[in-house]
Amino acid sequence: MAGALLTTYRTVIRLCGGPLLPALSFLGRLPTAMCQLGTLLLVARTSGSLATAGLVGGALAAGQTVAGPVVGRLADRLGQRPVVLAAALLNACAVAALVVAALGRAPTVPLAALGAAAGASVPQVGPLARTRTVALARRAGAGERTVSAALSLEGTLDEVSFVLGPALVGVAATVAHPAAALLLASVLLAGCASGFALHPTAKAVAPRRAPARTGAAHAGGAGEPYRRRGTVHGLRASAALQGAMFGACQAGITALTEELGAPGQSGLVYAAMGVMSAVAGIAMASVPVSVGLPLRRRVATGAALVLALPLLVVHSLWGLYVVVVVLGSAYAPHLITLFALTERAVPPSRLGESMAFMTSGIIGGQALALAAAGPLAEDSGPAAAFALAVGAAAAACLLALTSRPDTEPPSPAADTDTDADPDTDADADTAVDADTVAVADTVAVADAVADADTAAGAARAGEAVPDGTAGKAPAAGSAGRALPDGAGARRVPPDS
């Protein structure tokens, strides 16, 4: 099983053209995790007011929540390269301006405006990296196991960035000054986010425009992209509830560690939860394809609810560590499943916007819950903040149990967009199809190896082998999905 998991992740890395793209996307999203805490610490130190710091931090979160889907939509329409390059430059300048204004002790209103500008110009590297990696996997004809592994890898990079980012800010604030952390974030944005934009794989998500609506689609005022509107809204609500759990837990952890006389432990406790979540995210690629996404979602939300209940009665530091580490094992599986369901519910031409919507929902839910749970913790103790987290988990579980999302994988024929720029897209097809030919056999072999392991394990346990698993051959010439035109006569097996 471990060997098949490693093979699957190697396939994902090959689909990305090597480890450079994941490295750039990780470093490009790290500043986002640094800016929130860095802004709070910087403004609190320079202004001497926690209220001012909270207002500026809230403006930053609001800017990112509102503008994130707009950036994603622009990337879908214009291509990731120009949008990410422009946003990275604007964001780096906005963060640097915020540092200068804070050090100059500017009034609250200009600081809040700069915070909102810094949030609104975030280049959304995380959501767009998901979009790009999935596009590369789909174009290579990868099976659902490989697509799931790609989303698991992206989810893990998110978790690690949101653990490492605040840690870097804390170290910089202790050794030097919070301004040093934000300036580092500005440099990372200018360099690594730009490198992500300029990577050759950006051509895999060439801009497309929707065709004119005709017939029934036009009569309904919608078309294929909107037939699953209810599903998409439900997934976004679940993402916001997951963010609310994050915010409420953060407030409760901070309040409890202060109550126990160890306020410095709050960041470590939260980081421990993030590390466990990242480990669980990596392991998600080993879940059999036969375990459907709706079931994964219900299991993850049910586990989050059950594992969050001990937060209501924990009263010691070590007990808190144990509870939050175990709870972290449910977070990444839930988010990875939500992103996977979103990828199936929207057409490829709207995927960047939808992924950014999901991320904005998480950030918005976290900010709102943190704002509500903070006063609750001050007035009624840490258990009140943790109760808000349990309530959010219960709502997410109820939503998962009552929703019936469409789980059919997207079909290339369903998204019949025409090229916005034929020459540009032709170049994209040429570049990407060359990689597709080289990778298709690897993808087929990886999926076949993983499925063979699944079949062998089932046989040893006396279980039934899933349909289509036994006897699956990795031959490139087997019947299945054809590669894009111009990629040659090679074919890969259908999705498992």
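Keep in mind that what you see is a predicted model, and the values were worked out from it rather than measured.
We find that R132 and E154 are not joined by a salt bridge, their nearest charged nitrogen and carboxylate oxygen being 4.0 Å or further apart. Classification of E343 and R350 as a salt-bridged pair fails, no side-chain N sitting under 4.0 Å from a carboxylate O.
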Next item on the list: Take F196 and L128, measure what side-chain contact (heavy atoms from CB on, under 4.5 Å) needs, and give me the verdict at the end.
Entry: CA-CA 10 Å; F196 170 79; L128 296 182; 4.3 Å; yes

Item checked: E258/T254 under side-chain contact (heavy atoms from CB on, under 4.5 Å): CA gap, chis, key distance, verdict -> CA-CA 6 Å; E258 288 182 354; T254 301; 3.9 Å; yes

Notebook entry, point to check: Under the side-chain contact (heavy atoms from CB on, under 4.5 Å) criterion, do V95 and C35 qualify, and how do the steps go?
Noted result: CA-CA 8 Å; V95 172; C35 284; 4.0 Å; yes

Next item on the list: Give the C-alpha distance, both sets of side-chain angles, the deciding distance and a yes or no for side-chain contact (heavy atoms from CB on, under 4.5 Å) between H315 and L260.
Entry: CA-CA 8 Å; H315 297 295; L260 296 173; 5.9 Å; no

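Formation of a donor-acceptor pair under 3.5 Å by the R296 side chain with backbone atoms of L338 is not found in this model. Side-chain atoms of Y321 do not come within 3.5 Å of backbone N or O of A272 as any donor-acceptor pair. Although no hydrogens or angles enter the test, the distance criterion places no donor-acceptor pair under 3.5 Å between the side chain of S277 and the main chain of M273. Using a distance-only test at 3.5 Å, with no hydrogens or angles considered, a donor-acceptor pair links the side chain of R81 to the main chain of A197. In terms of modelled atom types and a separation under 3.5 Å, the side chain of Q242 and the main chain of H334 share no donor-acceptor contact.
Once rounded to the nearest 0.5 Å, the distance linking CG of D76 with CD of E353 reads 6.5 Å. Expressed to the nearest 0.5 Å, how far CG of L351 lies from CZ of R130 amounts to 10.5 Å. Considering CD1 of I253 and CD of Q250, their distance stands at 8.0 Å, rounded to 0.5 Å. Atoms OG1 and CG, on T337 and L151 in that order, are 9.5 Å from each other to the nearest 0.5 Å. Taken from CG in L182 to CG in L189, the straight-line distance is 10.5 Å, to the nearest 0.5 Å. For the atom pair CG (L21) and CZ (F26), the distance works out to 14.0 Å, reported to the nearest 0.5 Å.
Closest approach of A112 to A59, counting heavy atoms only: O-CB, 3.4 Å.
Applying side-chain contact (heavy atoms from CB on, under 4.5 Å) to R29 and the options P127, C192, S161 leaves one that passes, S161.
For the residue pair R297 / S238, a side-chain donor-acceptor distance below 3.5 Å is found, with atom types taken as modelled.
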